[in-house]
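Report on the following structure.
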There are 2 protein chains.
Amino acid sequence: MLEKSALILNSFLPDGGPYRLSELVARTGLSKPTAHRLTADLTRLGWLERTGAHYRLGAKLFELGALVPRRRDLRETALPFLQDLFEATHEIVHLGVREGLDVVYLERIHGHNAIWLPSRIGGSLPLTCTGVGKALLAFSDAELTERVLSQPLPRLTPYTITDPEQLRTSLEQTQVSGLAYEEQEAAKGVSCIAAPVFVAGTAVAALSVAVPRARFRPAQLAPAVRTAALGLSRALRGGTR
Amino acid sequence: MLEKSALILNSFLPDGGPYRLSELVARTGLSKPTAHRLTADLTRLGWLERTGAHYRLGAKLFELGALVPRRRDLRETALPFLQDLFEATHEIVHLGVREGLDVVYLERIHGHNAIWLPSRIGGSLPLTCTGVGKALLAFSDAELTERVLSQPLPRLTPYTITDPEQLRTSLEQTQVSGLAYEEQEAAKGVSCIAAPVFVAGTAVAALSVAVPRARFRPAQLAPAVRTAALGLSRALRGGTR
DNA sequence: ATCTTTGTTCCATGACGCGGAACAGTGCGG
DNA sequence: CCGCACTGTTCCGCGTCATGGAACAAAGAT
C-alpha cells in the first residue's frame, strides 16, 4: 500500500510528469484498479493533482519537501553566499551535496537568458561529470573514489571524461588547488568551476558557477567561487558568528 | 494506511520537527504500534529519516517536492526577476501565490544578516497581514475579499490590522496604486511593499520586498517592485519572448 | 533501587486492499 | 456513421496484511 504509493510518486522522477493513468500503470507495474484507487487517494491527500486525465505531483509535496531539515538548513545558511557569488558573476550558481554516487542540487540560481543545463533543484547527476560532483569526490574517502572509478563512467556529452585515469588526475589536481574544473562534460558549450565546503574536515557540500564556454574566464571566477565556499564553510562551523 | 501516513507527515508542519515517536503518537492520535510500524515503513522509503530517537522529514520528499510542476514552473520563470529585485534592493525578496485563505511562499531570497520573518518557502501565512497576501487579495474576486473580511482577522503583531473596514480601505488603495503596503503587520520592526503578477487579467502571484522599518524608503522600492512584477507578468504571458 | 515513560515485539481478529472481469467512455480510422 | 481499440471506472469475492491491546524491554527520572 505505502510501497505502491511510493512506486507511483517515484515514477514521476526525474521530470515530474504529467502522466495519464495508463502511463502510471506501465511505469509502476501496478494493476489498473489498484493504480486507479491509489491515484484517487493520493489526490485527496494533495500528493497528486489531477487535471482532466493528467496526474502531476501535488502542492502538499512541495510544502513537505521545503521542510526537510537536512536540505532546508544548509540551503538557508548558504543562500547569502550564493547570492554574493551570483552578484559577482551573473552566471548560473549551484549548491549541491553528495547522495550515494550522485550529486543532488539544493539550489540553483540564475538570471535572464540562462543557458540550458541538466541540473535541477532536487535532481541528481553523476559525481563524475559535474563541477560540484568532482569537488565533492576529490575530497571524499579514497575508498569512494575507487568505487566510482571502478565502474563505467556515465557520459552526458562527447566531452565527458570516461577514462578512469584521466578522471583520477583531474581529481588530484583539484585536491591540490581546492578547485574543480569541468569543461563541457555535463552540457555542450558550458564550463564550470566548483569549490568544496568543509565542516570538521569533511566536504559536506560544494558550490559552483557554470558559464558558457565563450566567456569562461577561470582567473576571474576562481577567487569568487573560493571566497563563497570559504565563507559558507565558516558560517556552517561558527553559527551566525 | 495512506491516510495515517499522511497524518504522520503532516504532523511535521509547520516547522519540520524533529519529533520522537511518542510525540508523533500524541500529534496524530495513532496507536503506538501503528505509529511505530508506519515510521519504520516511511523511513525505508526515504520519506522520514531517523537519528537516534528523532524523526525528521526525509530527503526523498525534498526531491519530490522540487518537481511539483505548479510550483517549480512559476518559481523557475520568476527567479531572474527576483534576482533583479534583490540586486536592486539587497533586501528580503518574496514570491508567493494564494492557496485558499493563505499565501504560500514559493521563493524567498536574502543576503547576510537578514532580519527574522515568519515567512518560509513552502510555508503559509494569512492573506490579510502580509504584503504578498494583500497584493493577491486586492486583485481577487470581491467574493473572496468579503469572505476574508467576514471572519476574524488573525493577529501576528500588535500592529496587525484586525479591523475589517481598515483592511478594506487598505485593499482599495492597492487597487488604485497597484502596490500593497504592509507595516509591521507580520513581524515587528519590518515593513513590506508588494506587487501583483497578472496573467490573463487575474493575479496569479505576487512578489514583495521586506525591509527593516528603520530604512524603509517606499519611494525607492516601489518602482523596483513594480518593474519586477511587470517583467514577470510579461514573461509568463509571452513565454521566453 | 523503584517508578514512569518510551520504544519494541507478539498475535488473534477482521477490516480492507487486491485484481480479474465486466462495463462505460473516448477517440480514431475506415 | 459505425466499429474497433484503448483508456478509465465500477463491482465483488477472496485472502492478505494492517490493526491495537497486551506484555515486555529499555531508558530516564526521582
Considering every strand and a 4.0 Å limit on heavy-atom distances, what is the contact class for K32(A): base, sugar-phosphate, or nothing?
base

Margin query: Any carboxylate oxygen within less than 4.0 angstrom of a Lys/Arg side-chain nitrogen, looking at R108(A) and E76(B)?
Written below: yes

Which part of the nucleic acid, if any, lies within reach of R37(A) when heavy atoms closer than 4.0 Å are counted: base, sugar-phosphate only, or nothing? base

Discussion item. OP1 or OP2 of dG8(D) versus the side-chain N and O atoms of H36(A): is any pair under 4.0 Å?
Written reply: no

Atom CD of E23(B) and atom C1' of dG7(C) are separated, to the nearest Å, by 13 Å

From NE2 of H54(A) across to C1' of dT7(D) the rounded distance in Å is 13 Å

Exercise. Given dG7(C), is OP1 or OP2 found less than 4.0 Å from the side-chain N or O atoms of S22(B)?
Worked result: yes

With a 6.0 Å cut-off on ring centres, are F139(B) and F198(B) close enough?
-> yes

Would you call E49(A)-R70(B) a salt bridge at under 4.0 Å N-O?
yes

DNA chain D nearest-nucleotide lookup for A53(A) and T34(B): closer to the 5′ end is A53(A)

Rounded to whole Å, CG of L38(B) lies from P of dT9(C) at a distance of 15 Å

From CG of L21(B) across to P of dT8(C) the rounded distance in Å is 7 Å

Does E185(A) pair with R155(A) as a salt bridge, N-O distance under 4.0 Å? no

Interatomic distance, CD@Q184(B) vs OH@Y159(B), rounded to 0.5 Å, equals 5.0 Å

Whole-Å distance, L24(B) CG to dT8(C) P, equals 12 Å

Here the distance between atom C1' of dG20(D) and atom NZ of K4(B), to the nearest Å, is 9 Å

In whole angstroms, the gap separating P of dC17(D) from CE of M1(A) amounts to 13 Å

Heavy atoms under 4.0 Å, any strand shown: does S31(B) hit a base, just sugar-phosphate, or nothing? base

From CZ of R20(B) across to C1' of dT4(C) the rounded distance in Å is 13 Å

